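Data block below; observations after.
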Amino acid sequence: MKNVPFIAFFSAALLAAILIPASVHAEIILDAPGDDGVLEIVPAGLRGFLKQDRETRNRLYREKPREWVKERQPILHNFSWHCTAGETGPFTVTVTKEGETKPASVLILHPEDKNSGTQVQITNFELGARYVWQVEGTSEGKSVRSATARFRTGEQPPRLILIPGMDNVRDLGGWTGLDGRKIRQGLLYRSSGLNENSPDRLDDAMIKRPRQEYRLGENRATPEGLRYIVEQLGWKVDLDLRSDREIGPMTSSPAGDKVRWINSPSSSYGTFAKSDQPLKGVSVVAKNFGILSDPDNLPADFHCILGADRTGALSVAILGTLGVSIDDIIRDWEISQHASPKYRDKFDQMIADFESYGLPSDSTDKKAEIFLQEQGVSMKEIQRLREIMLEKK
C-alpha cells in the first residue's frame, strides 16, 4: 500500500505528459500541397483548347482571338506551411525531383517579407514528374526542418515556363515523338526576345547606316529572370533569329557572358516551300539545326521577337524531325500566335508545304528528313538530335 501514492503520482505524471500538446516542440508542418497531390502546369482554359480536334481549334482560333493565348503562362502554385512554436524565417523551401538530390530548376517566388511569410508560389515544373518538397526555418537559433511531402505534375504538354519580364516561353520537351517516346525536357527552349528590338528599326533614315549606329533594345527579362536563365535553366546558347535592324548593335546575350549569343537571321512562313535552289534566306536552317543538335550547346533557347513566326518555323523542323505528329506541331504553334487570320493562313500554307515532301504516306519525321537534307543538314546531325532529345524506351 505504501507504493500506491507513488504509483498514483507516476500515473498522473504520465497522463500529464500525454496531454501536453505537441506544439510546444518546434516543428514546421507542411499544409499544401500534401502527399500525392497533382499540380497541373497548363491553365485550364488552354488545356481545354488543346484537347479539341484540329478543325474545332481552327474555328475557335478565328472566332475568339487571343482567348487562350492569355493563358500561356504556367500556373503559379501556392505552397504553404505553419509553425507550431514560433519558428521564424527566413524560410528556405527546397524542391527536388524524386530520386535526385540536386534542387529542381523550378522558380520560387517569395513574399516581400521572407521572415513573416509561410507561403510561396512555385512554378516551372517538368511535365509528368514526381517531386519532394521541404521547408527549413529556425527556432531559438537552431535549424528546424519539416517532414517531406510528395506531389506529381500533370502530363499535358507544353511545359510552359515563366521567366520574369518575358512572355511566350516554353520547353520543347514533353511532346510524344518517334516510337511513342517522349521528348526530353530541359534541353531546348523557345521564347520571345530577351530584349526589345532596336527602337531605330522602323526609322527609314537608319536603313543604310551600319547597325552599330542603332540603339540597343531594352531588356525584357528582369534581373531576377536573367539570373534564373543562367543559374537554374542553365542556358548555354541564346540563338537569336532576328535581323540586323532588329538587334541593333548587340554583340552578346542579355543573359550575360555565361550564355553564348549567336545571331542567325531567319525566315518564317516561306521556309518549307519547294524550290530548285535552296530557298533565299532559308539555307540558314542548316546552320540553326547544326547549332541545336550539338550537345555542347545545350540547354539552348531560340527566339525571334515574339517567339511566334520565325521561332515557330524552326520549331516545325525540330519537332517534325523528332516525330511529333502534325496535329501536335500545330498545337505548339497555336499557343504562340496572336490569333490573326492572316498569320493562320500563312501557317496553314507552311504546313501544307511541309507535308508535300516525300510521299503522302510518309511519316512526319521522314518528311522532315527530306526537307532538312535539301537544306544541307546531314543525316548525322538529324540522328544526333534524335539521340539527344528522345527519351529511351
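Since this is a predicted model, take the numbers as computed values, not measurements.
- Taking the six-membered ring where the residue is Trp, Tyr131 and Phe151 present parallel rings, their angle staying beneath 30° rather than reaching 60°.
- Scanning all heavy atoms of the two residues, the minimum distance from Ile262 to Lys287 falls at CG2-CE, 4.3 Å.
- Side chains of Arg159 and Asn124: no donor on one and acceptor on the other come within 3.5 Å.
- In summary, Glu231 and Arg227 do not engage in a salt bridge, as defined by a charged side-chain N under 4.0 Å from a carboxylate O.
- The existence of a salt bridge linking Lys367 and Asp362 is excluded, since no basic side-chain nitrogen approaches an acidic carboxylate oxygen closer than 4.0 Å.
- Between Glu136 and Arg145 there is a salt bridge, since at least one side-chain N of the basic residue sits less than 4.0 Å from a carboxylate O of the acidic one.
- Taking each heavy atom of Leu226 and Pro254 in turn, the nearest pair found is CD1-O, 3.3 Å.
- With hydrogens and angles ignored, the 3.5 Å screen pairs a side-chain donor or acceptor of Ser325 with a backbone N or O of Asp328.
- Here Glu369 pairs with Arg386 in a salt bridge; the nearest charged N to carboxylate O distance falls below 4.0 Å.
- Side chain to side chain, Lys102 and Thr96 fail the donor-acceptor criterion of an N or O pair below 3.5 Å.
- Looking at every heavy atom in both residues, Ala147 comes nearest to Gln134 through O-CG, 3.9 Å.
- Side chain of Ser146 to backbone of Ile29: no donor-acceptor contact under 3.5 angstrom is found.
- Within the cation-pi definition used here (under 6.0 Å to the ring centroid, within 45° of the axis), Arg245 does not qualify as a partner of Tyr214.
- Of the possible donor and acceptor atoms, none in the side chain of Thr118 sits under 3.5 Å from a partner among the backbone N and O of His82.
- Only one option out of Ile163, Ile229, Leu109 pairs with Glu224 in a side chain to side chain contact (heavy atoms under 4.5 Å, CB included); it is Leu109.
- By the ring-ring contact (aromatic ring centres under 6.0 Å, His included) test, Trp81 is found to be paired with Phe91, residues two or more places apart in sequence or in another chain being considered.
- In summary, Asp309 and Arg242 do not engage in a salt bridge, as defined by a charged side-chain N under 4.0 Å from a carboxylate O.
- Side-chain N or O atoms of Asn168 include one that pairs as donor or acceptor with a backbone N or O of Leu306 at under 3.5 Å.
- A donor-acceptor pair under 3.5 Å is absent between the side-chain atoms of Thr176 and the main chain of Lys182, judged by distance alone.
- Remark: the backbone N or O of Gly128 is not paired with any side-chain donor or acceptor of Arg152 at under 3.5 angstrom.
- Not a single donor-acceptor pair under 3.5 Å links the side chain of Glu98 to the backbone N or O of Arg130.
- Between Arg72 and Asp167 a salt bridge is recorded (basic side-chain N to carboxylate O distance below 4.0 Å).
- The aromatic ring centroids of Phe371 and Phe272 lie less than 6.0 Å from each other.
- For an aromatic pair to be called close, the ring centres must be under 6.0 Å apart, and Trp333 with Tyr61 satisfies this.
- A salt bridge links Arg57 to Asp327: at least one charged side-chain nitrogen sits closer than 4.0 Å to a carboxylate oxygen.
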Set out, in order, the CA-CA distance, both residues' side-chain angles and the distance that settles side chain to side chain contact (heavy atoms under 4.5 Å, CB included) for Arg344 and Asn58, then state yes or no. CA-CA 9 Å; Arg344 180 78 201 210; Asn58 197 341; 3.8 Å; yes

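- Applying the side chain to side chain donor-acceptor pair (under 3.5 Å) test to pairs two or more places apart or on separate chains, those with a residue in residues 38-54 are Asp53-Thr56.
- Judged by distance alone, with hydrogens and angles left aside, the side-chain atoms of Ser378 form a donor-acceptor pair with the main-chain N or O of Glu381 at under 3.5 Å.
- Side-chain atoms of Asp171 come within 3.5 Å of backbone atoms of Gly173 as a donor-acceptor pair (strictly under, hydrogens ignored).
- Ile41 approaches Glu126 most closely through the heavy-atom pair CD1-O, 3.4 Å.
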Go through Glu246 and Arg310 one step at a time and tell me if the salt bridge (charged side-chain N to carboxylate O under 4.0 Å, His left out) criterion holds. CA-CA 13 Å; Glu246 290 173 293; Arg310 289 164 288 186; 2.8 Å; yes

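- With rounding to the nearest 0.5 Å, the separation of CD1 in Ile161 from CD in Gln185 is 8.5 Å.
- The only member of Asp240, Asn288, Thr271 that meets side-chain hydrogen bond (donor to acceptor under 3.5 Å, both in side chains) when paired with Ser266 is Asn288.
- Looking at Thr123, its side chain does come within 3.5 Å of a backbone N or O of Ile75 through a donor-acceptor pair.
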